[in-house]
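In what follows, every chain begins at residue 1, and chains take the letters A, B, ... in the order their sequences are listed. Excluded from the calculations below are hydrogen atoms, water molecules and symmetry mates; all remaining heavy atoms, backbone and side chain alike, are included.
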Amino acid sequence: MSFAKTKHAVEEGDTVIIYVNPQAMYAIQVKPLIATKKGDMVENIFQTAYGALKVQELVGKKFGHKVQFSRGWGYLLHPTPELWTLNLLHRTQILYTPDISLIVMQLDLKAGSIVVESGTGSGSLSHAIIRAIAPTGHLHTFDFHQQRVEIVTKEFIDHGLETFVTAKQRDACKDGFDLEDTADAVFLDLPNPWLAISHAVKALKNSGGRICTFSPCIEQTQKTCEALVAKGFKCIETMECLQREFQVKNITLPDVDDYNFSFSQTTDKDSEGNGKKEGRKFRALLPALQMAGHTGYLTFATWPRQSSVQI
Amino acid sequence: MSFAKTKHAVEEGDTVIIYVNPQAMYAIQVKPLIATKKGDMVENIFQTAYGALKVQELVGKKFGHKVQFSRGWGYLLHPTPELWTLNLLHRTQILYTPDISLIVMQLDLKAGSIVVESGTGSGSLSHAIIRAIAPTGHLHTFDFHQQRVEIVTKEFIDHGLETFVTAKQRDACKDGFDLEDTADAVFLDLPNPWLAISHAVKALKNSGGRICTFSPCIEQTQKTCEALVAKGFKCIETMECLQREFQVKNITLPDVDDYNFSFSQTTDKDSEGNGKKEGRKFRALLPALQMAGHTGYLTFATWPRQSSVQI
Amino acid sequence: MDVNLILNDHFVLVQRKSQMSLHQLPKKEGKQWTIKVGRDLVDLSSALGKPHGTFKLSRNEENKSKAFSLVPSNDVVEMKEKLKDLNSGENNKEIWDDGKSQQLKKEDIEELRGQGLTGSEIVTQLVENSKTFQIKTEFSQEKYLSKKEEKYSEWVEILKPNIRHLAKYFHSQDPMQILNLRPDTLAMIMSLANIKSNGKFGVFDGGCQGLVTAAILDRIQGFGTVWNLCLKGISQKRVIQAMNFSPEQLKPLKNANLHKVKESLKKEENGDGDEVPAAKIIKLDEDAPQPLELGSLDGLVVLCRRPNAIAKELVKLLAPSGNFVIFCPYSEPLCETYTDFRECNLAVNLKLTEAWFRLHQVLPLRTHPEVNMSGSGGYILSGIKVVS
Amino acid sequence: MDVNLILNDHFVLVQRKSQMSLHQLPKKEGKQWTIKVGRDLVDLSSALGKPHGTFKLSRNEENKSKAFSLVPSNDVVEMKEKLKDLNSGENNKEIWDDGKSQQLKKEDIEELRGQGLTGSEIVTQLVENSKTFQIKTEFSQEKYLSKKEEKYSEWVEILKPNIRHLAKYFHSQDPMQILNLRPDTLAMIMSLANIKSNGKFGVFDGGCQGLVTAAILDRIQGFGTVWNLCLKGISQKRVIQAMNFSPEQLKPLKNANLHKVKESLKKEENGDGDEVPAAKIIKLDEDAPQPLELGSLDGLVVLCRRPNAIAKELVKLLAPSGNFVIFCPYSEPLCETYTDFRECNLAVNLKLTEAWFRLHQVLPLRTHPEVNMSGSGGYILSGIKVVS
């Protein structure tokens, strides 16, 4: 129940984020009991890098405050789609926040939008879509993999989002979406998105809408663009978005990196004594040495208002 | 004669660079007379943004020093391939320093290398190749366009580089290079580079070598990579290189951008008086708002030592 | 809900190929309203009352030199289709561009325009008077025609402004007028500030023309509250105006003058003699009759050139576990803010990032990244407020 | 000129798929020299006297558990070719990765290794014991096999080190050990410093292991002079050593201790009581018997973490119109240097740049940029010295 509306303190059933450090975060559901491998229900004790946490004790605790583990502490955070993306269990490759953000904005999503998504995957994008379109919109999400649909359906219920989303097992390329003149936007993350374009057209509102396809390979994008042109989509745009993260470091260089040399000064012994350490100190913005160089190509297009539609 | 060996003062016949500012540089050849449109020989007077320059008066002037124009001054610079790239007359799209640098290094060029280049284009890359391989190497450069070959041949002579380069008119895809077991490296900048791969193989030394192709479109690169695999090239790598330029600016924000506000301070009138202007001053590294987002894909590969070659 | 007709007093975007411009239609009905589209004069008022969409520039038959009228039309004919029967060469080997291949001079073209020729008629003239067009390759011809189309196309789109268009438009016109906030960076801000309906958000806009506020108002469609936090002067609102929001869509927007918020705070403080409590309720001026509390916002966006001091103060308005995003066109001030926030243990998940964004041309046999790209779209410092 | 045989005392690069390592062969002949390639032991000395190239890891028949010997071989068989007759699925719909599809455990694999199985034999076992391999798509199978090949391939390349390989190798191992100087940035430095034969160049290497000096020595092949400018301590030379340079190739390299250069300068100055002239000849220590003059270098490269003070001094060694490149892993010090140079009118064509570099996978139907890229390759300030 915790994604849908912001609250200040934890209630039983909520999914919360336990933040220890940027490399150690955990998404846990606040339930008194948990099933063992054998199926027995036992007290829900969560093991962090800094010791155990009795999950039920989180009830009533305030978000944004510290929580104690047996050998340390962390922060209790309200879940957001971004934190969920970082902490969900990967069933597939997932979309990350830079691509997700572009998709949501470029599809013109807002409260009230009706959206079709295929495939659901691990539900990373779904959570961000639901946030954008609630409380009056609806997400129809499809995956051809039955197990994925079952897991994500349970997650939507656990997160209190079930009224805003319908998840179904379906092979979108073969069987379409079984929706007509309904959607404001369609998102396709499929190996062969071009096979689903005609189904997307059927699902889109006759008054017009937007489509987005995500493909890791350029050959997929090329085929998709051709299909979009052939079907009559307009404003077809393909884009790439990467994110570069910086570290901020206060650097004090070691003595050996201090090159206090001058051809013209008569004594450099003197100058070496003066404010030497200060000269070796500075604050630097360091780009991460490694970064994601590619996720996929995003192609967006507009489905124009059909002439059959009266204003 | 000025590219081949560094000199300190200008001699007649040298090509020199007149630097006024980053947006105004000129490459001129120091000759007393110049032909008018009608073909008459008249005194060589060059018009800069800051007035006239009598070109012959540059003889004997020292590089790196100021030169006077009738209404201002500039600097007299020794030519380099990089300055030539910025100032040459475009007959075609040209390669720029980031790509050129990668090409020269990834082709393992050094003094003594024998190189094949096709097409010559406007000679931007050729000058950098010659710098890298002189005085003992040689560049064989080809273009299917007769006029381009004539112009670049004259430029090589004017620049004192004619002993290091042979420029010929030739349709490389159809007719090959007429070279066998000769080249350490081959560079192809052609609309259909894959058609020239077998000719490149013939030109390359049987003891092995490197190849590079430059193509703006990914489809060309795909076909080229397939052809390279088919011909037995190894270590095939495709890369992109972009350059981001920064401006350094000392910024002093206007008064309106100074948000000296605090919920807890009792009087913010006081604080506004204290070192306010200093707080609005800082030095910023500003990335250029616009940059080149694409030049082409560079594909490199190794031609392995042929088993026929004895060590 | 959506108004889909072109109406008086409303804003529209007029697009010819890649060129866009923003116009407000006259307040009064019946008034003629002529705008410039490239080098052409167009009577925008001729589109009034019609749905947004594609229009053809059409000549007034009586007086050819007057402004074009707009006629709804979906039968766009691209120039390359018109001219596709022409010959083309195999390669550009025979072409030597000496700048003389076009025999029409600038003055000739201006005269053709003056005679009231349509765009495609002018381009046909240009092609017929080119010595090299017919020996160019098909791809070169297409490139040439699509370049000419930018100037001469007879079709324009009259678009209803939305955030996607406006973000692109304002950034392409003069990036620094919106602090170089690029559309993809705007998209990131919306995510990282956790913008959603029924939330309470604060925006401090130090020079983005209301772009982020407009994006939030559009996203939440009337559900929730957006506080426009300001210190003095006129608040940033150009993009908000251009969105043609209905009163319902504008309802969430409240103004909060921070000085007045502070005054109320002081009165309260003097009243009971205590320290300022973390979630004290403050009454605001007439603009904002609803109370703005410290520690009450779900999300906060700060956009300015020098956020160092103000951002730290504004975070006090945020609820614990609330999300903040600080945007700045420069990295250096954010670097300081980062250090400051870290030292004060104000937040977790602190990230200083920059986005890299590039468009691609995807065409058969001609797929490649666009040759022009933006070198910078601003820097973002984001995080989640915690209580230490 | 080139030595193309694997010889004692020389360095070689050993490459298995994407993994590279640098090794020096023993100085003495006849000594066995075992190295680790991934998890395999390989007797590198078994390659001595043979040309550089492709070798097969081959088992000593008598004792299967000992190190692999190297046998020259060009008949590389990739695993995907070996296994191409296997079935594959149409899509991954039926696959649910529960981490249990591989039935061989880590210990089982170690045991197979211990039994002396070759890499392809182990991979065959892995494939046979996978519950999902045969229903994976062909592309998924290929991806799986090329991942396994990284660990188990029986072919290695013994490469003669060159600058291209070494620049990549040192940057991939630990970028900061060479101040994060990325290969493409190195290439830019070589251009912007106008490196060419028969020139006089100076390199101040504050932590790049001699990479740039080695690149210059390689480029000029004995023609010209390269001054290794240093202040104290051991000069940077690891890359120079790894290049196996001949005495002729090393001839251009001269050491210049800047303190000694300065001392000579002072003596000269005291001698004739004048200011230091712009092109005074200075005698140097035993390491560098040839004279290094102020204002004499054609090009200068400065590589360090904090170039601010030293770069300005070293530019005095450069001839007017000479090219300089200052490389730094951080932007901030270069920002200061930029301002300083500009204020002092020391140079024209001043440019502060950063390169962006990305590799691409180009395979039929699977073309895309590599998913891992370097986020930074250092910053460059370049310019041309002028006399104002």
Student: Pick whichever of C/I189, C/N74, C/V348, C/D184 has the most heavy-atom pairs under 4.5 Å with chain A.
Tutor: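 Option with the top pair count is C/V348.
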
Student: Under a 4.5 Å cut-off applied to non-hydrogen side-chain atoms, are A/T80 and C/I384 in contact?
Tutor: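 In short, these two side chains do not touch, never coming nearer than 4.5 Å.
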
Student: Do C/N194 and A/R131 come within less than 4.5 Å of each other through their side chains, counting heavy atoms only?
Tutor: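 Yes, close enough: below the 4.5 Å cut-off.
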
Student: Would A/M25 and C/N349 count as a side-chain contact (heavy atoms from CB on, under 4.5 Å) here? Give the steps.
Tutor: CA-CA 10 Å; A/M25 284 186 252; C/N349 221 25; 3.7 Å; yes

Student: Answer whether the closest heavy-atom distance between the side chains of A/H78 and C/N323 falls below 4.5 Å.
Tutor: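 No, too far: nothing below the 4.5 Å cut-off.
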
Student: Counting heavy-atom pairs under 4.5 Å with chain C, which one of A/V229, A/D108, A/T97, A/L83 comes out on top?
Tutor: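 Counting heavy-atom pairs under 4.5 Å, the top option is A/D108.
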
Student: Got a second to check how far C/K196's NZ is from A/I133's CD1, nearest 0.5 Å?
Tutor: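 Here the interatomic distance stands at 14.0 Å.
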
Student: Would the distance check show the side chain of C/Y338 and the main-chain N or O of A/V248 forming a donor-acceptor pair, the cut-off being under 3.5 Å?
Tutor: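 Answer holds: no.
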
Student: Indicate yes or no: at least one non-hydrogen side-chain atom of C/P320 is less than 4.5 angstrom from one of A/K62.
Tutor: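 No, side chains not in contact.
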
Student: Got more than 12 heavy atoms from elsewhere within 6.0 Å of NZ, C/K50?
Tutor: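 For C/K50, atom NZ is crowded (more than 12 foreign heavy atoms under 6.0 Å).
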
Student: By a 4.5 Å heavy-atom criterion (distance strictly below it), what part of A/N250 contacts chain C: side chain, backbone, both, or neither?
Tutor: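 Side chain of A/N250 only, per the 4.5 Å heavy-atom cut-off to chain C.
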
Student: Quick one, C/S388 and A/Y75 - any side-chain contact, counting heavy atoms below 4.5 Å?
Tutor: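 Heavy-atom side-chain distance check passes, below 4.5 Å.
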
Student: Whether the side chain of A/K5 engages the backbone of C/N198 through a donor-acceptor N/O pair (distance < 3.5 Å, no angle test) should be reported.
Tutor: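 No; judged by distance alone, with no hydrogens or angles, the pair does not exist.
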
Student: Find out whether A/L77 and C/V386 are in side-chain contact, i.e. whether some heavy atom of one side chain is under 4.5 Å from a heavy atom of the other.
Tutor: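 A/L77 reaches C/V386 side chain to side chain.
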
Student: Measure distances from A/T136 to the heavy atoms of chain C and classify the residue's part below 4.5 Å as side chain, backbone, both or neither.
Tutor: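 For A/T136, the contact with chain C is made by the side chain alone.
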
Student: By a 4.5 Å heavy-atom criterion (distance strictly below it), what part of A/I17 contacts chain C: side chain, backbone, both, or neither?
Tutor: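 Contact with chain C is absent: no heavy atom of A/I17 under 4.5 Å.
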
Student: Looking at C/D218, C/L363, C/L334, which one has more heavy-atom pairs under 4.5 Å with chain A than the rest?
Tutor: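 Heavy-atom pair counts peak at C/D218.
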
Student: Does the side chain of A/Q222 pick up a donor-acceptor pair with the side chain of C/T367 at under 3.5 Å?
Tutor: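 A/Q222 vs C/T367: donor-acceptor pair found between side chains.
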
Student: Using a cut-off of 6.0 Å, state whether more than 12 heavy atoms not belonging to A/Y26 lie near its atom OH.
Tutor: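 Yes, enclosed.
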
Student: In residues 233-247 of chain A, what donor-acceptor pairs under 3.5 Å come from side-chain atoms, sequence neighbours left out?
Tutor:
| unit_1 | atom_1 | unit_2 | atom_2 | d |
| --- | --- | --- | --- | --- |
| A/E237 | OE2 | C/K168 | NZ | 2.8 |
| A/T238 | OG1 | A/T299 | OG1 | 3.0 |
| A/E240 | OE1 | C/R358 | NH2 | 3.2 |
| A/E240 | OE1 | C/H360 | NE2 | 2.8 |
| A/E240 | OE1 | D/R358 | NH2 | 3.3 |
| A/E240 | OE2 | D/R358 | NH1 | 2.6 |
| A/E240 | OE2 | D/R358 | NH2 | 2.9 |
| A/Q243 | NE2 | C/T353 | OG1 | 3.3 |
| A/R244 | NE | D/G375 | O | 3.1 |
| A/R244 | NH1 | D/E354 | OE2 | 3.4 |
| A/R244 | NH2 | D/E354 | OE2 | 2.2 |
| A/R244 | NH2 | D/G375 | O | 2.9 |

Student: Do A/L102 and C/F357 have side chains that get closer than 4.5 Å, going by heavy atoms?
Tutor: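 In contact.
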
Student: So which part of C/I220 gets closer than 4.5 Å to some heavy atom of chain A, the side chain, the backbone, both or neither?
Tutor: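 Only the backbone of C/I220 comes within 4.5 Å of chain A.
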
Student: Examine whether an atom of C/A319 lies under 4.5 Å from a heavy atom of chain A, and if so say whether it belongs to the side chain, the backbone or both; otherwise answer neither.
Tutor: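 Side chain only.
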
Student: How far does OG of C/S321 sit from NE2 of A/H65, to the nearest 0.5 angstrom?
Tutor: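 C/S321 OG to A/H65 NE2: 10.0 Å, rounded to 0.5 Å.
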
Student: Run C/K200 and A/T6 through side-chain contact (heavy atoms from CB on, under 4.5 Å) and show every step you take.
Tutor: CA-CA 10 Å; C/K200 282 167 122 179; A/T6 308; over 6 Å; no

Student: What part of C/Q361 lies closer than 4.5 angstrom to a heavy atom of chain A: side chain, backbone, both or neither?
Tutor: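 Neither part; nothing is under 4.5 Å.
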
Student: Is there side-chain contact between A/R283 and C/T339, with heavy atoms separated by less than 4.5 Å?
Tutor: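 Side-chain contact under 4.5 Å: yes.
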
Student: Which atoms of A/F63 come close to chain C, meaning under 4.5 Å heavy atom to heavy atom: side chain ones, backbone ones, both, or neither?
Tutor: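 Its backbone and side chain both get close to chain C.
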
Student: Without swapping roles, check the side chain of C/R164 against the backbone of A/M105 for a donor-acceptor pair under 3.5 Å.
Tutor: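 No; zero donor-acceptor contacts below 3.5 Å.
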
Student: Which bit of A/I218 is near chain C, if near means a heavy-atom gap under 4.5 Å: side chain, backbone, both or neither?
Tutor: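 For A/I218, the contact with chain C is made by the side chain alone.
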
Student: Given heavy-atom pairs under 4.5 angstrom as the criterion, report whether the side chain, backbone, both or neither of A/A132 touches chain C.
Tutor: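 For A/A132, backbone and side chain are both near chain C.
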
Student: Quick check on C/I195 against chain A: is it the side chain, the backbone, both or neither that has a heavy atom closer than 4.5 Å?
Tutor: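 It is the backbone, since no side chain atom gets that close.
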
